[in-house]
Amino acid sequence: MSDFELQDSGSEYDSDDNSDAELQAAFERGELKPGLNVEFSGQRDKVNDITKLLAKTHAIRLELPWLERLDMVNSLAPLAPELAVQLEKHEQKRANQFKGNAKIPYVRPEEDPVLNDFKREMLFHRQAQSAVIEGIQRLQELGIKTRRPDDYFAEMAKSDEHMQKVRANLMAKQQGQAKSERIKQIREQRKMGKMLAKQTKVQREAEKKEMLDKLKKFRKGKLKNLDFLEDAKALESKQKQSADKRKQRNKRFGFGGKKKGLKRNTKSSAAGLESEKSTRRQRGVKAGASVNKRLGKSRRMKAKGRK
């Protein structure tokens with residue numbers, strides 16, 4: 001059978017996607033015979049019929065206006081300064097990697113696959129930028145608006161309830177990140193505080209050891225005076241003044257004290273034993289002071305009669 005007969009016969013075996021099961025079934029039925037399948041070992045002739053290809057291209061081409069096609073053929077946009085700096089930094093980074101590691105063979109920048117990928121992405125960026133600039137200009141010349149108006153209304157594909165869940169999830173993530181950052185800062189502050197305390201302790205021990213060494217030298221006659229004691233006294237006085245200032249501030253401002261549970265009832269307050277104390281405290285009367293009570297009516301009348 002010729003090729004045209006195979007195409008017209010509609011046989012299920014002339015398709016390119018025949019599976020092994022179908023071939024095995026055909027072999028069992030005896031439809032596959034020796035001589036039907038011949039291995040081709042020669043060289044296939046390449047056919048490049050430009051005339052027919054151009055004719056077919058012209059036949060399937062749609063003559064549509066540019067607004068329907070939006071195809072652009074343009075050159076690259078100028079290289080932005082920040083991209084040039086970024087490219088230079090990337091090249092320097094790759095050069096440092098090759099210089100600091102003898103295990104990696106040196107590759108020139110123009111042959112570096114990593115650097116070539118970076119340059120290729122930059123070319124894509126510049127090509128897209130040039131297409132956008134020229135495309136917007138052509139759209140404006142055709143009277144097509146390229147900016148969304150202020151009163152533009154668009155209906156959301158998601159419901160308000162779904163967007164509220166998304167917003168709540170984002171807020172929870174932001175709060176979690178902020179909390180973790182605060183905890184991290186507190187840990188760093190504690191670590192720095194411990195380091196400063198350790199350094200202060202080591203410094204004081206070193207100063208004490210130095211002073212003792214000088215005292216030994218003075219006893220042995222290697223030092224003529226005790227001026228170093230004056231310096232130590234001045235330093236001690238300065239530290240004492242700092243400690244006194246801290247004590248005064250603590251005495252004035254306090255440490256905050258306990259605030260949790262102050263308004264909680266106790267056994268005596270629940271029994272009403274603290275009511276008198278609270279009223280006296282509100283009137284500004286001290287606990288040990290006596291209170292002048294008013295006389296009764298009869299005693300006040302007797303007092304008037306005596307007068």
Side-chain angles (χ1 to χ4, degrees), residues 46 48 50 53-54 56-58 60-158 162-192 195-196:
K46 296 181 180 179
N48 186 16
I50 299 177
L53 290 175
L54 292 176
K56 193 63 177 178
T57 304
H58 183 72
I60 64 176
R61 182 177 181 181
L62 296 177
E63 296 294 340
L64 297 175
W66 178 82
L67 188 59
E68 299 294 335
R69 294 180 285 111
L70 294 178
D71 54 341
M72 301 289 299
V73 180
N74 44 31
S75 58
L76 297 176
L79 184 61
E82 57 271 14
L83 291 179
V85 173
Q86 191 175 1
L87 178 61
E88 185 178 357
K89 288 183 179 180
H90 190 77
E91 291 180 352
Q92 186 64 34
K93 182 179 179 181
R94 292 290 296 172
N96 294 335
Q97 288 178 355
F98 286 122
K99 183 185 296 183
N101 194 348
K103 297 180 180 180
I104 302 177
Y106 177 74
V107 182
R108 291 185 298 176
E110 58 271 12
E111 298 177 358
D112 190 355
V114 178
L115 196 60
N116 285 344
D117 288 342
F118 185 77
K119 289 182 178 179
R120 192 178 300 109
E121 293 295 333
M122 189 178 296
L123 291 177
F124 293 158
H125 177 82
R126 293 172 61 188
Q127 185 75 32
Q129 185 180 8
S130 177
V132 169
I133 295 173
E134 186 176 346
I136 290 178
Q137 184 178 359
R138 293 181 65 176
L139 288 173
Q140 290 177 353
E141 291 176 356
L142 295 174
I144 305 300
K145 295 182 179 180
T146 58
R147 290 184 177 273
R148 180 181 297 178
D150 297 335
D151 56 350
Y152 181 81
F153 176 77
E155 186 177 357
M156 295 291 294
K158 303 289 185 179
H162 181 82
M163 295 306 297
Q164 289 293 337
K165 291 181 180 179
V166 173
R167 189 177 294 107
N169 189 12
L170 293 176
M171 291 295 295
K173 287 183 178 180
Q174 292 178 358
Q175 291 176 0
Q177 291 177 357
K179 186 176 180 180
S180 63
E181 288 294 331
R182 288 197 300 271
I183 293 173
K184 187 176 180 181
Q185 291 177 0
I186 292 172
R187 289 176 180 172
E188 291 293 334
Q189 290 175 1
R190 289 179 179 176
K191 188 183 294 184
M192 291 297 297
M195 290 178 61
L196 291 175

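Here, residue 1 is the first one in the sequence, and each next residue gets the next number. The model shown is predicted, which means the values in this text are computed figures rather than measured ones.
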**Q** Tell me, with the steps shown, if K93 and K89 meet side chain to side chain contact (heavy atoms under 4.5 Å, CB included).
**A** CA-CA 6 Å; K93 182 179 179 181; K89 288 183 179 180; over 6 Å; no

**Q** With a sphere of 6.0 Å drawn around CD of E88, does it hold more than 12 non-hydrogen atoms of other residues, nucleotides or ligands?
**A** no

**Q** For residues M122 and L83, report the shortest heavy-atom separation together with the two atoms involved.
**A**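 Result for this residue pair: CE-O, 3.8 Å.
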
**Q** How close do S130 and A77 get, heavy atom to heavy atom, and via which atoms?
**A** CB-N, 3.7 Å

**Q** Can you establish whether the number of heavy atoms outside I50 located under 6.0 Å from its atom CD1 is more than 12?
**A** no

**Q** Does the pair Q129 and H125 meet the rule for a side chain to side chain contact (heavy atoms under 4.5 Å, CB included), with working shown?
**A** CA-CA 6 Å; Q129 185 180 8; H125 177 82; 4.1 Å; yes

**Q** Measure the CG-CG distance between L79 and L87 for me, rounded to the nearest 0.5 Å.
**A**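 Taking CG in L79 and CG in L87, the distance rounds to 7.0 Å.
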
**Q** Less than 4.5 Å apart, any side-chain heavy atom of Q137 and any of E141?
**A** yes

**Q** Output all residues satisfying salt bridge (Lys or Arg N to Asp or Glu O under 4.0 Å) with R69, sequence neighbours left out; order by chain, then residue number.
**A** D71

**Q** Would the distance check show the side chain of E68 and the main-chain N or O of E63 forming a donor-acceptor pair, the cut-off being under 3.5 Å?
**A**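 No: the side chain of E68 does not pair with the backbone of E63.
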
**Q** Looking only at non-hydrogen atoms, find the nearest pair between G135 and M72 and report the distance.
**A**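 Looks like N-CE, 3.7 Å.
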
**Q** Might you work through the side chain to side chain contact (heavy atoms under 4.5 Å, CB included) test for E91 and F118, ending with a clear yes or no?
**A** CA-CA 10 Å; E91 291 180 352; F118 185 77; over 6 Å; no

**Q** Could you pull out the closest heavy-atom pair between L76 and R126, with the gap in Å?
**A**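 Shortest heavy-atom separation between L76 and R126 comes out as CB-NH2, 4.0 Å.
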
**Q** Give the minimum heavy-atom separation between L70 and L67, together with the two atoms involved.
**A** CG-O, 3.7 Å

**Q** Using a 3.5 Å cut-off and no angle test, enumerate the donor-acceptor pairs between side-chain atoms of residues 162-180 and protein atoms at least two apart in sequence or in another chain.
**A**
from : atom 1 : to   : atom 2 : distance (Å)
Q164 : OE1    : R167 : NH1    : 3.4
S180 : OG     : G176 : O      : 3.3
S180 : OG     : Q177 : O      : 2.6

**Q** Rounded to the nearest 0.5 Å, how far apart are CD of E188 and CE of M195?
**A**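 Interatomic distance, E188 CD to M195 CE, rounded to 0.5 Å: 10.0 Å.
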
